[in-house]
Amino acid sequence: MTTTPVLPSDRTTATSDSAAAPRPEASGVPEQPLRMVSHVVPAAGHDLTYRHDRSEIELPVTVHFTDGTTAQTNLLLNPGQAELFAIQTEQAVSRRADAKRAQPLSDD
């Protein structure tokens, strides 16, 4: 499993390229320890929405960190990303159904 460092007060992924994002101490903000992301799941009880004004699909998600804490944010998908995600999800659901059909019935 790969984990990604995230600044606690920010939703952006920390990068190793110092030119890409200024270090917090350079902006006068105290440096905070990095937290590692364990996984991200759709937020329970929230539906995705289409944002016509931005041509984006917005899916509320919960980010789980390895220290046991969580954060709420949104996964934003442009139309091309949404189409690809839909195709890949449909393929995964189909493979799961095929695998379930291939399993022998148990005597339970």
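Residue numbers run from 1 in the order of the sequence given. Any value given below was found using the heavy atoms of this structure, including those in side chains, with hydrogens, waters and symmetry copies removed.
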CG on N74 to CG on L48, rounded to 0.5 Å: 10.5 Å
From CG (L59) to NE2 (H46), nearest 0.5 Å: 10.5 Å
Residue pair H64, T62: steps toward the side-chain contact (heavy atoms from CB on, under 4.5 Å) verdict: CA-CA 6 Å; H64 293 261; T62 302; 3.6 Å; yes
Atom CD of E90: over 12 foreign heavy atoms under 6.0 Å: no
With D47 via side-chain contact (heavy atoms from CB on, under 4.5 Å) - residues at least two apart: none
Spacing of T70 atom OG1 and H39 atom NE2 [to the nearest 0.5 Å]: 9.5 Å
Which residues share a salt bridge (Lys or Arg N to Asp or Glu O under 4.0 Å) with D98, sequence neighbours left out: R101
Nearest-0.5 Å distance that lies between atom CD in E56 and atom OH in Y50: 9.0 Å
Path from L76 to V61 over hydrophobic side-chain contacts below 4.5 Å: no
Atom CD of Q81 with >12 non-hydrogen neighbours under 6.0 angstrom: yes
All salt bridge (Lys or Arg N to Asp or Glu O under 4.0 Å) counterparts of D53, not counting sequence neighbours: R51
Interatomic distance, N78 atom CG to R54 atom CZ [nearest 0.5 angstrom]: 12.0 Å
Spacing of F65 atom CZ and L34 atom CG [to the nearest 0.5 Å]: 10.5 Å
Over all atoms of both residues, closest heavy-atom pair of P79 and S55: CD-O, 3.2 Å
R35-T69 side chain donor-acceptor pair, cut-off 3.5 Å: yes
